[in-house]
Protein chains: 2
Amino acid sequence: MKYIEKLRNSGLRPTKQRIQICEVLFNTEKTFHFTINELEQKIKDKIDNKISLATVYNTVHAFEKKGYLKQIPINSNQTYFDTNVTDHHHFYDLKDGKLIDLENSDVGPIDIKRKINGKKIKSIEVLVKLED
Amino acid sequence: MKYIEKLRNSGLRPTKQRIQICEVLFNTEKTFHFTINELEQKIKDKIDNKISLATVYNTVHAFEKKGYLKQIPINSNQTYFDTNVTDHHHFYDLKDGKLIDLENSDVGPIDIKRKINGKKIKSIEVLVKLED
DNA sequence: TTTGTAGTTTATAATGGTTCTAAATAACTG
DNA sequence: CAGTTATTTAGAACCATTATAAACTACAAA
């Protein structure tokens with residue numbers, strides 16, 4: 001299994017649950033956005049054994065910390081995650097609440113002119129809200 | 001009272017509570033960011049009578065709908081609002097969770113090259129995360 | 001005024017996503 | 001294996017937010 005090494009290399013024990021969640025998250029052609037509930041559903045669909053909700057939360061947070069997932073800053077009652085951890089931005093369709101990737105090449109360079117003393121920029125995230 | 005007209009003009013009845021919340025939110029030299037809990041505290045400090053939590057929520061949402069407040073898209077367990085409704089962006093200091101305004105003039109123009117069929121851009125929001 | 005009505009406020013309950021807990025289980029190391 | 005530590009799990013707890021429904025208030029029409 002290709003994920004066993006990935007997990008071990010990040011200091012995470014390659015448990016059955018983590019490997020299965022890796023399959024659901026990363027064994028896909030395209031990256032995608034999800035909430036915990038959506039991920040839980042995907043897991044139910046693709047996997048025979050049950051994985052407890054707490055484990056899904058634990059795993060997603062562990063993966064986020066390791067940089068395998070990113071949270072998407074958006075105002076919603078649920079937290080959105082992205083399996084696309086490359087530098088990119090999002091459209092957010094207010095009508096249906098759906099997110100659409102905006103590749104970095106779709107956005108001109110972002111020039112932040114102001115500096116904050118003693119701080120450096122960790123990331124720049126652009127959210128483009130869409131309406132009809 | 002200057003807020004009575006403002007409220008009435010937006011189709012909101014100028015109740016005592018709404019006027020008082022206006023004072024707390026808008027009768028300041030500088031704009032500011034807040035969560036509902038922080039606003040509740042401010043209200044307690046500045047106002048003699050009690051305003052119920054539900055009213056604070058109702059009012060903030062009403063003001064947001066009318067465009068007097070903006071939600072700040074950020075991942076937090078609480079929702080952040082901004083009394084600065086002009087077009088601008090934010091630094092977010094990950095260390096202490098504080099937000100800092102980034103005036104539009106501090107950010108070069110943002111060029112969104114991709115279009116989504118039948119949708120138009122309502123807003124563009126940039127969140128610049130800071131670390132030490 | 002007075003009165004009717006629609007809008008607001010309020011305390012409290014309900015909701016629901018997320019986190020905590022502590023016991024059972026599984027992975028790892030020697 | 002045996003011992004240790006990490007992980008999983010079900011369920012409880014947490015807590016921001018929303019819903020409820022009764023009391024109250026602004027307002028307009030008579």
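Atoms considered below: every heavy atom in the structure, side chains included; atoms not considered: hydrogens, waters and symmetry mates. The sequence lines fix the lettering, A, B, ..., with proteins before strands; numbering per chain opens at 1.
- Taking the six-membered ring where the residue is Trp, A/F34 and A/F81 present parallel rings, their angle staying beneath 30° rather than reaching 60°.
- Closest to the side chain of A/T15, out of D/dT8, C/dT18, C/dC28, is D/dT8.
- A donor-acceptor pair under 3.5 Å links the side-chain atoms of B/R18 to the main chain of B/R13, judged by distance alone.
- Contact detail for A/H33 and A/D101: the closest heavy-atom pair is NE2-OD1, 2.7 Å.
- Regarding A/L7, its CG atom lies at a distance of 15 Å from the C1' atom of D/dT8, rounded to whole Å.
- Applying a 4.0 Å cut-off to non-hydrogen atoms, the residues of residues 75-84 of chain A that approach DNA chain C are A/N77, A/Q78, A/T79, listed by residue number.
- Protein atom CG of B/L12 is 18 Å distant from nucleotide atom P of C/dA6, rounded to whole Å.
- With hydrogens and angles disregarded, no donor-acceptor distance shorter than 3.5 Å links the side chain of A/T83 to the backbone of A/T31.
- When the P atom of D/dA26 is taken as reference, atom CD1 of B/I4 falls 10 Å away, rounded to whole Å.
- Residue B/E40 contributes atom CD, which lies 13 Å from atom C1' of C/dA11 at whole-angstrom precision.
- Regarding contacts with the backbone of D/dT9, a side-chain N or O of A/Q17 is found under 4.0 angstrom from either OP1 or OP2.
- Annotation: the terminal axes of the helix from C/dT1-D/dA30 to C/dG30-D/dC1 meet at 30°, where each axis is the rotation carrying the C1' atoms of four end pairs onto the next four (5 pairs per end, rounded to 10°).
- Ring orientation note: the planes of B/Y57 and B/H61 are tilted relative to one another, at an angle of 30° to 60°.
- With rounding to whole Å, B/R18 atom CZ is found 10 Å from D/dC27 atom P.
- Rounded to whole Å, the distance from CZ on A/R13 to P on C/dT25 is 17 Å.
- A heavy atom closer than 4.0 Å to some atom of DNA chain C occurs in B/K50, B/I51, B/S52, B/A54, B/T55, B/N58, these being the qualifying members of residues 46-70 of chain B.
- Here the P atom of nucleotide D/dT17 and the CZ atom of B/F34 are 11 Å apart, to the nearest Å.
- Taking atom CD1 of residue A/I19 and atom C1' of nucleotide C/dA26, one finds them 12 Å apart after rounding to whole Å.
- The two residues A/R114 and B/D106 have their closest heavy-atom pair at CD-OD2, 3.5 Å.
- Surrounding CG of B/D96 are more than 12 heavy atoms belonging to other residues, nucleotides or ligands, all under 6.0 Å away.
- Salt bridge annotation for B/K119-A/D132: present, with a cationic side-chain nitrogen under 4.0 angstrom from a carboxylate oxygen.
- Listed here is the closest heavy atom pair of B/K113 and A/S105: CD-O, 3.7 Å.
- Ring geometry for A/F26 versus A/Y3: interplanar angle of 30 to 60°, hence tilted.
- One side chain, B/D45 or B/Q41, offers a donor N or O that lies under 3.5 Å from an acceptor on the other.
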